[in-house]
2 protein chains.
Amino acid sequence: MSDFDLTEFLPYQLAAAAARVSRAFAERYRDDFGISIPEWRVLVHLAHSGSVSVREIHARVEMDKSKVSRAAQRLTDAGYVEKRPHAEDRRLIDLRLTPAGQALVARLLPIAAQFQEELIASLGADHAALRRALGRIMETK
Amino acid sequence: MSDFDLTEFLPYQLAAAAARVSRAFAERYRDDFGISIPEWRVLVHLAHSGSVSVREIHARVEMDKSKVSRAAQRLTDAGYVEKRPHAEDRRLIDLRLTPAGQALVARLLPIAAQFQEELIASLGADHAALRRALGRIMETK
DNA sequence: CTTGACTCGTTGCATTCGCAACAATACATC
DNA sequence: GATGTATTGTTGCGAATGCAACGAGTCAAG
């Protein structure tokens, strides 16, 4: 009967909290738009960065190459994303939003912003420290 | 070219940070003990709570029933966990650590404690606020 | 005692995941 | 220009995941 309590273990708390938030967030998008979280990440990154390669997304966002590739393929099949060969380096592929993709993102972003605001509101004064702590974890690599 | 930056989106930061921590933590256990995170959670919960049912773990820890069941099965096959029918309610199964399981946990816990301490140390003054914030997320359900 | 509603743990199934190949391309060195 | 090394995106594959369905067991109402 050890005195080690899993629910007080920080890595567990982090994983559990992240899983809950992600699940709640994913529900909104799945039900209304049929979009998964990997797809959401690709869409948003394209909206933010314009024409971009798979490798670029893989490097900036926390996603495996294959995860990016498959998400991009699903989005392409759905008509939200377009693939073009890169002009100078033919190993690269330029991913970019189609007009339909841009319209989709325009509808997604306000929902995401509202979701985040509700989350932040529930955190109160600890919000800033949470952001700093998460940032430091990401730095530590 | 929207101004929405995914890397500043709190649900993403949370998921990314949790993924990194979990991956680093899982590596230590996989390489040295061949234990996955679901298995680690079951082991620790058994060490903490003694004889316990699958449902109990499912309720306390953030894990699907089937995830608990399969982790418990792997641990049983490995000789770390023993299954006994519950005396009063035969739908329930009492999971408990074998001596080998207890010995394993005794080796795992110091590593976990050290891992957590390193993590906490890297967070500095924001540690307490992080714990509060994560706790509030879990409360909000 | 029987019936029906509920609970527990397991399993089937489709999906997703990470990791390691792989072919195609780029580039530096000779 | 030929050759060897490195990089990019895709795919194959085994393992893990979540969800629903299932059989077995419990319990209360009649």
Side-chain angles (χ1 to χ4, degrees), chain A residues 15-16 18-27 29-31 34-42 45-46 51-78 81-96, chain B residues 15-16 18-27 29-31 34-42 45-46 51-78 81-96:
Chain A
R20 285 215 184 170
V21 170
S22 286
R23 204 175 314 139
F25 184 65
E27 268 179 28
Y29 281 2
R30 173 168 40 88
D31 297 344
I35 292 293
S36 70
I37 286 186
E39 288 153 16
W40 144 260
R41 290 185 182 176
V42 169
H45 195 75
L46 290 179
S51 178
V52 137
S53 68
V54 169
R55 156 177 158 276
E56 176 71 11
I57 300 178
H58 161 63
R60 301 250 180 245
V61 178
E62 191 79 1
M63 283 174 78
D64 188 74
K65 277 194 308 177
S66 62
K67 211 169 172 178
V68 176
S69 174
R70 291 190 243 247
Q73 186 55 52
R74 287 192 293 266
L75 291 170
T76 302
D77 293 342
V81 166
E82 187 184 17
K83 294 183 181 182
R84 299 189 191 179
H86 188 89
E88 298 155 11
D89 188 337
R90 282 186 298 176
R91 292 172 302 181
L92 303 182
I93 292 186
D94 280 344
L95 299 173
R96 63 182 65 199
Chain B
R20 285 215 183 168
V21 170
S22 286
R23 205 176 312 139
F25 185 65
E27 268 178 28
Y29 281 4
R30 173 169 41 86
D31 297 343
I35 293 293
S36 71
I37 286 187
E39 288 153 16
W40 144 261
R41 289 185 182 177
V42 169
H45 195 76
L46 290 179
S51 178
V52 137
S53 68
V54 169
R55 156 178 157 275
E56 177 71 12
I57 300 178
H58 161 63
R60 302 251 180 246
V61 178
E62 192 79 0
M63 284 174 76
D64 188 73
K65 277 194 307 178
S66 62
K67 211 170 172 178
V68 176
S69 174
R70 290 190 244 247
Q73 186 57 51
R74 287 192 294 265
L75 291 170
T76 302
D77 293 343
V81 166
E82 187 184 18
K83 294 184 181 181
R84 300 188 189 179
H86 188 88
E88 298 155 10
D89 188 338
R90 283 185 298 177
R91 291 172 302 181
L92 302 183
I93 292 186
D94 280 344
L95 299 173
R96 63 181 65 200

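So you know, we letter chains A, B, ... as the sequences are listed, proteins then strands, and number each from 1.
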Picking from dT10(C), dG18(C), dG9(D), the nucleotide nearest the side-chain atoms of Ile93(B) would be dT10(C)
Against the side chain of Lys67(A), the closest entry in dT10(D), dT11(C), dC17(C) is dC17(C)
Given the options Asp94(A), Leu92(A), Ile57(A), Val42(A), Val52(A) meets side-chain contact (heavy atoms from CB on, under 4.5 Å) only with Ile57(A)
For [N], does OP1 or OP2 lie under 4.0 Å from any side-chain N or O of [X]?
X        : N       : result
Lys65(B) : dG9(C)  : no
Lys83(B) : dT10(C) : yes
Ser36(B) : dA16(D) : no
Arg70(B) : dT17(D) : no

- Intermediate values then yes/no, side-chain contact (heavy atoms from CB on, under 4.5 Å), Ser36(A) and Arg74(A): CA-CA 10 Å; Ser36(A) 70; Arg74(A) 287 192 293 266; 4.1 Å; yes
Tell me: [atom1] of [X] to [atom2] of [N], nearest whole Å?
X        : N       : atom1 : atom2 : value
Asp64(B) : dA21(D) : CG    : C1'   : 13 Å
Gln73(B) : dA15(D) : CD    : C1'   : 16 Å
Trp40(B) : dA16(D) : CH2   : P     : 19 Å
His58(B) : dT17(D) : NE2   : C1'   : 15 Å
Asp89(B) : dA28(D) : CG    : P     : 12 Å
Glu56(B) : dC8(C)  : CD    : P     : 10 Å
Arg23(B) : dC17(C) : CZ    : P     : 13 Å
Leu95(A) : dT10(D) : CG    : P     : 8 Å

Between Arg30(A) and Arg90(B), which residue's closest nucleotide on DNA chain D lies nearer the 5′ terminus?
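This one resolves to Arg30(A).
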Just call it for Glu88(A): base, sugar-phosphate, or nothing, with non-hydrogen atoms closer than 4.0 Å on any strand.
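Glu88(A): backbone/sugar contact only, no base atoms under 4.0 Å.
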Distance criterion of 3.5 Å, no angle test: do you see the side chain of [X] paired donor-to-acceptor with the base of [N]?
X        : N       : result
Ser66(A) : dC19(C) : yes
Arg91(B) : dT7(C)  : yes
Arg55(B) : dG25(D) : no

query: Within the side chain of His86(A), is there an N or O that forms a donor-acceptor pair under 3.5 Å with the backbone of Ile93(A)?
result: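 Flag not set: sc His86(A) to bb Ile93(A) has no pair under 3.5 Å.
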Are any non-hydrogen side-chain atoms of Arg90(A) and Pro85(A) less than 4.5 angstrom apart?
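SC-SC contact between Arg90(A) and Pro85(A) ruled out.
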So CZ of Arg23(A) and CZ of Arg30(A): to nearest 0.5 Å the spacing works out to 10.5 Å
